[in-house]
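Report on one structure; see the data block that follows.
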Amino acid sequence: MSGHFLGDTAVLLGRSLRHVTRSVDTIVTTAITPIAMLLLFVYVFGGAIDTGPVSYVNYLLPGILLITVASGIAYTAFRLFLDMKSGIFERFQSMPIARSSVLWAHVLTSLVANLISLVVVVLVALLMGFRSGAGVAAWLAVAGILILFTLALTWLAVIAGLSAKSVDGASAFSYPLIFLPFVSSAFVPTGTMPGPVRAFAEHQPVTSIVNAIRDLYAQQPVGTDIWVALAWCAGILVVAYAFAMNTYRRKIA
């Protein structure tokens with residue numbers, strides 16, 4: 001059964017990736033907004049924000065990476081919604097394939113597309129002066145956190161894609177996710193925020209994820225932030241996966 005599932009997922013993944021390669025502008029568009037924000041905040045607002053001895057581009061990059069993922073998953077919901085409306089799901093159900101492989105193909109396509117966008121954003125940050133003395137292990141840890149974060153948000157996108165009534169509704173769910181880093185430690189230290197806002201910023205998932213990535217890049221002890229970050233990502237992933245599969249079962253019933 002597992003071999004059947006893996007084979008079916010690989011075939012459908014190839015189909016989804018071909019759609020992406022025929023529309024490279026989706027990856028480019030996904031990267032443009034975070035890059036524009038990176039340029040804006042570093043070169044326009046960066047001089048007015050005190051981040052101590054850390055250069056602002058180094059301080060800012062972890063949050064921009066999360067915004068890149070939040071922007072990219074909107075396309076997952078969009079592609080899934082189009083597949084639902086085109087009737088391709090009904091055609092797949094008439095074939096002897098593992099049903100869950102249809103969703104996993106979309107999820108893995110999202111992962112590949114988002115990783116490409118993340119690499120592009122990091123390359124631009126390097127051109128802007130981002131520097132890190134982190135070793136291979138730290139870079140792999142950052143990659144692991146971003147992969148887990150991408151999977152968690154992608155399964156949220158699957159729920160939106162399956163439940164949406166319109167194309168706009170399928171992608172609009174990502175807007176609050178893009179906004180969330182603005183009320184966190186992504187752009188400014190939380191200590192500068194007023195009381196209630198600071199309390200929210202310090203206890204929402206983006207802050208712990210950003211702090212963990214920032215400390216890994218800076219070769220600083222990550223403390224509990226990395227465990228809190230992983231717990232948030234894993235928790236969102238498990239809950240979103242369960243809801244997505246339940247929604248999918250109801251849709252194809």
Quiz item: Which word best sums up how the rings of F130 and Y217 line up, parallel for under 30°, tilted for 30 to 60°, or perpendicular for over 60°?
Solution: perpendicular
Quiz item: So which heavy atom on P181 is nearest to which on S184, and how close?
Solution: O-OG, 2.5 Å
Quiz item: Looking only at heavy atoms, what is the nearest atom pair of S174 and A70, with distance?
Solution: CB-O, 3.6 Å
Exercise. Show which residues join L140 in its hydrophobic cluster (side-chain heavy-atom contacts under 4.5 Å, direct or indirect), or state none.
Key: V136
Quiz item: Can you tell me if CH2 on W227 sees more than 12 non-hydrogen neighbours from other groups inside 6.0 Å?
Solution: no
Quiz item: Is N211 close to R214 at the side-chain level, that is, under 4.5 Å between some pair of heavy atoms?
Solution: yes
Quiz item: Is there side-chain contact between N114 and L153, with heavy atoms separated by less than 4.5 Å?
Solution: no
Quiz item: Taking side chain as C-beta onward, heavy atoms only, is S132 less than 4.5 Å from N58?
Solution: no
Self-check item: For V107 against T154, the heavy-atom pair lying closest together
Solution: CA-CG2, 3.7 Å
Quiz prompt | Least distance between heavy atoms, D215 atom then P221 atom | solution = OD2-O, 3.7 Å
Self-check item: Any V188 side-chain heavy atom under 4.5 Å of M193 side chain
Solution: yes
Self-check item: L180 to Q204 - nearest heavy-atom pair and separation
Solution: O-NE2, 3.1 Å
Quiz item: Between V121 and L61, is any pair of side-chain heavy atoms under 4.5 Å apart?
Solution: yes
Quiz prompt | Shortest non-hydrogen contact from V158 toward A244 | solution = CG1-CB, 3.8 Å
Quiz item: For the atom pair CD1 (I159) and OG1 (T247), what is the distance rounded to the nearest 0.5 Å?
Solution: 5.5 Å
Practice problem: Check the surroundings of atom CZ in F182: do more than 12 heavy atoms from other residues, nucleotides or ligands lie under 6.0 Å from it? | Solution: yes
Self-check item: Residue of the set Y59, Y56, F187 for which ring-ring contact (aromatic ring centres under 6.0 Å, His included) holds with F41
Solution: F187
Quiz item: Between T192 (side chain) and P189 (backbone), is there a donor-acceptor pair under 3.5 Å?
Solution: yes
Quiz prompt | Sub-4.5 Å side-chain heavy-atom contact between L80 and L103 | solution = yes
Quiz item: Within the side chain of R131, is there an N or O that forms a donor-acceptor pair under 3.5 Å with the backbone of L126?
Solution: yes
Quiz item: Going through the checks in order, is the side-chain contact (heavy atoms from CB on, under 4.5 Å) test met by I145 and L216?
Solution: CA-CA 11 Å; I145 293 172; L216 287 167; 4.0 Å; yes
Quiz item: To the nearest 0.5 Å, how far apart are CZ in F149 and CD1 in I209?
Solution: 5.0 Å
Quiz item: Are side-chain heavy atoms of I35 and V120 found at a separation under 4.5 Å?
Solution: yes
Practice problem: Could you grab the distance from atom CG of L39 to atom CD1 of I32, nearest 0.5 Å is fine? | Solution: 11.0 Å
Quiz item: Would a 4.5 Å heavy-atom cut-off, applied to side chains only, mark I67 and S71 as touching?
Solution: yes
Self-check item: Short side-chain donor-acceptor distance under 3.5 Å, E202 and T207
Solution: no
